[in-house]
Amino acid sequence: MGILIRNGTLVCPEGPVQADLRVDGGKITAIGKDLPVESCQVVEAAGKLVFPGFIDTHTHFEMNKGLVNETADGWATGTLAALAGGTTTVLDFSEPQRGASLASALDTWHRRADGRASCNYGFHMTIKDWNPAIRAELPSMTRAGITSYKIYFAYDNLRLSDGDAYQVVQAVAAEGGIVGCHCENGDLVSAGIAAQKAAGRMGPEAHPLSRPAVVEAEAVNRWLAIGEMAGCPVNIVHLSTQRGLEAAQAARARGQKLYVETCPQYLVMEDSKYLLPGFEGAKYVFSPPLRKQEDQDALWAALESGDIDTIGTDHCSFNYKGVKELGREDFSKIPNGIPGVEHRPVLVYTAGVAAGKITAHAMMQLLAAQPAKLFGMYPQKGALQVGSDADITILDPNQSGVITAAGQHQNVDYTPYEGFQTACTVDTVLLNGELAVSQGEVLQTYRGKYVSRGSCAFWR
Ligand code: URP
Ligand code: ZN
Ligand code: ZN
């Protein structure tokens, strides 16, 4: 039996249209006015916004396996929360052990995700070591559907040298893929942490002071220099500062091909959170940290102008009780990361579309179409058009909501967005052509499929 979504505002590639949309066999089979009901199950969408299923290109489920500070969300809970929040595909960061092969990480991530995922999923691959053996694995990664990679300039156990980063960028580009970089200068972060401790600042308030905007801006500039010299497109993940953004805008103005991701946390919160009484500030310890109002304003302006390409969550959830608390005496021991995979669509809709900062069409580009293009899934994913996969999210702008830890599906004991009033709710989600969420209720679990991705499309 098909599904007919009736009378909605479809946020299509060419813009919003009032129309019906029909789904059969997991695909969108018709879009038009007054489509016949025939034998279809009808979903009434009058007054609602119908989007291609949202894609979160930045999650960390089941990270730090085996350690005390393992993430709170594994694949079962993380992908269920994603689905409940209107995200139909996640791209998670698989990460080899130091000295281990990329294939070993891919096996581990498949073992964790396959059969447990309630939304569709793919993997980026993290490169921690760069040597001939790892380079030789890239073609097999491409065949396995992995066309995007992440490297780090921060974290001593993760980061690559500039020379290795240059080689990674070229080798990945030869495969039709792209590399994203965690742009913070690791040596300056270490110096910043030491300086805060020497000044006797040991609480969460020291976290943003230890990694100020210049730490990101330097790394963005360096990453862009590497991309320019390599002659290959590069991606900047979780951009948080106006200074970093200006570096990207300047490079684009010179003709460089680059892509920029930011995250909801940098769009709706500021660094005053670190001054909350008690140890509350620990709930906001992630990297890069929260910034100033002027950074937030610059990021919104760039979302409106099209200078930022994607919004991912960087979902990396650690419980407050017993885990964030590991850093009670020393902020540098607070596990870095926050939850968010469930709430990105309603946050971006509320703070962006309902607030008049971006259009619903821009939201569709940022959360669906551009992620799908950049990461080799378009137009199978990310588009409401005949022939595309029937991953569809319907938001109801006539219903408001409130984000609370008590009401979330994320398996973590807090949300950084506690009390946030949303200007819409997630009404309906179709996953692979099946009704997966109806009137906000999750109807099915573990039906997510692995998305084997193709070459990245560099549309700009
Ligand atoms: O604090 C963060 N962002 N943790 C997750 C890992 C990363 O750097 O993306
Ligand atoms: Zn990162
Ligand atoms: Zn991340």
Side-chain angles (χ1 to χ4, degrees), residues 55-65 67 69-74 78 82 90-96 105 109 122-128 148-160 165 178-186 189 192-193 204 206-208 210-211 215-216 219-220 222-223 234-241 244 259-267 269 271 273-274 281-291 310-320 323-324 326-327 331-341 344 371 375 410 412 414 416:
I55 299 169
D56 188 342
T57 57
H58 197 142
T59 66
H60 301 273
F61 297 143
E62 213 165 328
M63 226 173 76
N64 299 338
K65 191 82 189 139
L67 298 180
N69 57 350
E70 185 176 329
T71 52
D73 281 300
V90 296
L91 295 183
D92 196 79
F93 288 90
S94 54
E95 197 182 305
W109 255 253
F123 310 126
H124 307 286
M125 185 57 68
T126 304
I127 295 190
K128 293 162 129 173
S148 51
Y149 294 79
K150 184 177 181 188
I151 65 156
Y152 289 79
F153 282 164
Y155 304 126
D156 287 343
N157 60 340
L158 282 171
R159 63 178 152 145
L160 284 190
I178 193 160
V179 185
C181 182
H182 178 117
C183 292
E184 288 188 298
N185 180 315
V189 169
I193 291 171
H207 178 63
S210 70
R211 38 217 314 159
V215 167
E216 178 174 89
V220 168
R222 184 153 41 99
W223 178 231
V234 289
N235 190 25
I236 300 163
V237 300
H238 51 47
L239 185 87
S240 65
T241 60
Y259 298 88
V260 180
E261 173 202 69
T262 191
C263 309
Q265 49 270 35
Y266 304 118
L267 299 170
M269 296 187 289
D271 61 0
K273 292 285 186 199
Y274 299 112
K283 293 179 176 173
Y284 306 89
V285 169
F286 47 87
S287 296
L290 291 172
R291 304 296 188 181
T310 60
I311 303 177
T313 57
D314 201 2
H315 176 101
C316 185
S317 58
F318 293 105
N319 279 323
Y320 176 75
V323 183
K324 288 278 186 187
L326 291 169
F331 71 94
S332 67
K333 296 199 166 56
I334 302 170
N336 274 220
I338 54 162
V341 72
R344 179 186 60 139
F375 296 112
Q410 295 171 154
V412 57
Y414 79 102

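Here, residue 1 is the first one in the sequence, and each next residue gets the next number. Computed from heavy atoms alone, side chains included, the values below leave out hydrogens, waters and symmetry copies. Read the numbers this way: they start at 1 and go in the same order the structure lists the ligands and their atoms.
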### Query
Given side chains that start at C-beta, do those of Q410 and H315 come closer than 4.5 Å, heavy atoms only?
yes
### Query
Where does D314 meet ligand 1, judged by heavy-atom distances below 4.0 Å: at the side chain, the backbone, both, or neither?
side chain
### Query
If you round to the nearest 0.5 Å, how far is CD1 of I338 from OH of Y414?
6.5 Å
### Task
Check whether any side-chain N or O of T71 sits under 3.5 Å from a backbone N or O of E62 as a donor-acceptor pair, and report yes or no.
yes
### Atoms of ligand 1, numbered as shown, that sit under 4.0 Å from any heavy atom of F286
1 (O)
### Task
Among all protein heavy atoms, pick the one closest to atom 1 (O) of ligand 1 and tell me residue, atom and distance.
S287 N, 2.8 Å
### Message
Can you name the atoms of ligand 1, numbered from 1 with element, that are less than 4.0 Å from a heavy atom of H58?
### Response
9 (O)
### Message
Working note: Y259 + V234, criterion side chain to side chain contact (heavy atoms under 4.5 Å, CB included); need CA distance, chi angles, decisive distance, verdict.
### Response
CA-CA 6 Å; Y259 298 88; V234 289; over 6 Å; no
### Query
Is F93 in contact with ligand 1, taking contact as a heavy-atom separation below 4.0 Å?
no
### Task
Could you grab the distance from atom CZ of R344 to atom CG of L267, nearest 0.5 Å is fine?
11.5 Å
### Message
Just to be sure I read this right, does ligand 1 sit under 4.0 Å from the backbone of M63, its side chain, both, or neither, counting only heavy atoms?
### Response
neither
### Message
Using the rule given for ring-ring contact (aromatic ring centres under 6.0 Å, His included), can you reason through H182 versus Y155, listing the C-alpha separation, both sets of side-chain angles and the distance that settles it, and then say yes or no?
### Response
CA-CA 10 Å; H182 178 117; Y155 304 126; 5.1 Å; yes
### Query
Any chance the side chains of E216 and S240 put a donor and an acceptor closer than 3.5 Å?
yes
## Note on the structure
Within 4.0 Å of some non-hydrogen atom of G337, the atoms of ligand 1 are 1 (O)
### Criterion side chain to side chain contact (heavy atoms under 4.5 Å, CB included) on D271 and Y274, from CA distance to verdict
CA-CA 6 Å; D271 61 0; Y274 299 112; 3.9 Å; yes
### Atoms in ligand 1 flagged as close to H238, the criterion being non-hydrogen separation under 4.0 Å
8 (O), 9 (O)
### Message
I'd like to check L91 versus F375 (side-chain heavy atoms, cut-off strictly below 4.5 Å). Are they in contact?
### Response
yes
### Message
Suppose we call two aromatic rings close when their centres sit under 6.0 Å apart. Are Y284 and H207 close by that rule?
### Response
no
### Query
After noting the C-alpha distance and the side-chain angles of H238 and E261, does the key distance pass the side chain to side chain contact (heavy atoms under 4.5 Å, CB included) rule?
CA-CA 5 Å; H238 51 47; E261 173 202 69; 3.9 Å; yes
### Message
If I take atom CG from residue D314 and atom OG1 from residue T262, how far apart are they, to the nearest 0.5 angstrom?
### Response
10.0 Å
#### Entry: Closest to atom 9 (O) of ligand 1 (judged by heavy-atom distance), picking from H182, E95, K150
K150
### Query
Which of the atoms of ligand 1 are close to H60, meaning less than 4.0 Å from one of its heavy atoms?
5 (C), 6 (C), 7 (C), 9 (O)
### Task
Sort by chain and number the protein N/O/S atoms found under 2.8 Å from the Zn ion (ligand 3).
H58 NE2, H60 NE2, D314 OD1
### Query
Under a 4.0 Å heavy-atom limit, does E184 contact ligand 1 with its side chain, its backbone, both, or neither?
neither
## Note on the structure
protein heavy-atom neighbour closest to atom 4 (N) of ligand 1 works out as N336 O, 3.4 Å
